[in-house]
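Contents: one structure, followed by commentary.
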Amino acid sequence: KEKVEITKEQQALMKVIADAYNRHQIPQDVAKKLLQDQYSAEENFLLLTEMATSQVQVLVEFTKNIPGFLSLNHEDQIALLKGSAVEAMFLRSAQVFSKKMPNGHNEVLEDRIRRSGISEEFMTPMFNFYKSIGVLHMVQEEQALLTAITILTPDRPYVKDQQAVERLQEPMLDLLRKLCVLQHPQKPQYFACLLGRLTELRTLNYYHAEMLTSWRMNDHKFTPLLCEIWDVE
Ligand SMILES: Cc1ccccc1NC(=O)[C@H](C1CCCCC1)n1c(-c2ccc(Cl)cc2)nc2cc(F)c(F)cc21
C-alpha cells in the first residue's frame with residue numbers, strides 16, 4: 001500500500017490555487033436570482049451573458065495566480081484562456097448546480113434552468129454533466145485544481161509551446177491525484193473519474209455555440225468579450 005503524502009511545496013501550491021479560486025469565486029447569486037423569480041427567455045439570456053462575461057474576467061484573474069502561467073508565451077496565454085473559458089463556465093455552473101440547498105430548492109433550480117430558453121436537445125448532455133459532477137461531492141481544493149488543470153490543457157488550438165504548458169499542468173495533476181487518495185480513500189478510482197469529467201466537459205464545448213444561438217428568442221445580442229471567447233456572431 002503506497003504511503004501518499006503531500007510535500008511542503010505541494011502544500012504551498014495548493015494554498016495558492018485554493019486562495020485564488022476562493023478570491024475569484026463568482027457569488028452564488030445567479031442561483032438565488034433564478035430561485036426568486038421566473039424570467040422570460042430574453043431576461044434569462046441577458047442574465048447568462050452577464051454571468052458569462054463576469055466569469056471570463058474572474059477566470060483571467062484566477063489564471064494569473066497559477067504559478068508559471070505569466071511566464072508562458074503571451075499568445076499561448078491567450079490561447080489557453082480562449083480554449084478553456086467555456087469549459088470553466090460549465091464547470092462553475094455544475095458546481096453551483098451541485099450545491100446542496102434547502103428542501104426542494106435544487107428541483108426548483110433545475111426546473112427554472114429547463115425553462116430558461118435553452119433548446120430541449122441540449123438539456124440531457126448538460127444535466128448529465130451537472131449530475132455526474134454532483135455525485136462526486138468535490139471539495140473546494142479539488143474544484144480549484146480541476147479548474148486550473150482545465151485551463152492548462154496543452155492541446156488547445158493554436159498553443160505553440162505545448163511542453164511548457166505540460167510542465168505547468170503536471171504538478172497540478174500530481175497534487176490532485178494525491179488529494180483524491182487522501183480525501184476519498186474508499187474510492188481508488190476517484191482521480192480517474194475526475195479526469196473523465198474533463199472529457200465530458202469538452203463535449204459541452206462542442207454544443208455551447210448552438211446552445212446560445214438556439215436560445216428560444218430572436219436577435220441574440222452578445223458582449224464583445226463573449227464574441228471573442230464564444231464562437232458566436
Ligand atoms: C452559474 C454560472 C456562473 C458563472 C457563469 C455562468 C453561470 N451559469 C449561468 O448563469 C446559467 C444560467 C443563466 C440564466 C438562465 C439559466 C442558466 N447556468 C447554466 C448554463 C446553461 C446554459 C448555458 Cl449555454 C450556459 C450556462 N447552467 C447553470 C446551472 C446552475 F446551477 C445555475 F445556477 C446557473 C446555470
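Whatever order the structure lists ligands and atoms in, that order sets their numbers, starting from 1. Along the sequence shown, residues are numbered consecutively beginning with 1. Note that these values count all heavy atoms, side chains included, but never hydrogens, waters or copies made by symmetry.
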Tell me, yes or no, whether the heavy-atom count around Lys100 atom NZ, taken from other residues, nucleotides or ligands under 6.0 Å, exceeds 12.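 For Lys100, atom NZ is crowded (more than 12 foreign heavy atoms under 6.0 Å).
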Can you confirm whether more than 12 heavy atoms, excluding those of Glu228, are under 6.0 Å from its CD atom?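 Not buried by this count: 12 neighbours or fewer within 6.0 Å.
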For [X], take its heavy atoms, then give the atoms of ligand 1 lying under 4.0 Å from any of them.
| X | value |
| --- | --- |
| Met51 | 3 (C), 4 (C), 5 (C), 6 (C), 10 (O) |
| Gln55 | 4 (C), 5 (C) |
| Ile113 | 28 (C), 29 (C), 30 (C), 31 (F), 32 (C) |
| Phe97 | 31 (F) |
| Ile118 | 21 (C), 22 (C) |
| Asn44 | 14 (C), 15 (C) |

Just let me know how [X] lines up against ligand 1, side chain, backbone, both or neither, with a heavy-atom cut-off below 4.0 Å.
| X | result |
| --- | --- |
| Ser93 | both |
| Tyr130 | side chain |
| Phe45 | neither |
| Met126 | side chain |

Please check if the distance between the ring centroids of Phe127 and Phe122 is under 6.0 Å.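 That pair fails the under 6.0 Å test.
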Would Glu110 and Lys131 pass as an ion pair if we require N to O under 4.0 Å? yes
If the threshold is 4.0 Å, N to carboxylate O, is there a salt bridge linking Asp37 and Lys32?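 Answer for the salt bridge query: no.
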Is any N or O atom of Ser116, backbone or side chain, closer than 3.5 Å to an N or O atom of ligand 1? no
Is the shortest distance from a heavy atom of Phe122 to ligand 1 less than 4.0 Å?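 In this structure, Phe122 fails to qualify as a contact of ligand 1 - no heavy atom is under 4.0 Å.
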Ligand 1 contact by Met89, heavy-atom criterion under 4.0 angstrom: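 Yes; Met89 lies near enough to ligand 1 that a heavy-atom distance drops under 4.0 Å.
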Could you check whether [Y] and [X], counting side-chain N and O atoms only, form a donor-acceptor pair closer than 3.5 Å?
| X | Y | result |
| --- | --- | --- |
| Thr53 | Thr223 | yes |
| His184 | Glu142 | yes |
| Gln95 | Tyr130 | no |

When you measure from atom 10 (O) of ligand 1 to each heavy atom in Val86, Leu109, Val30, which option holds the nearest one?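 Comparing heavy atoms across Val86, Leu109, Val30, the nearest one to atom 10 (O) of ligand 1 lies in Val30.
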Could you point out which residue of Lys160, Lys82, Arg156 forms a salt bridge (Lys or Arg N to Asp or Glu O under 4.0 Å) with Glu75? Lys160
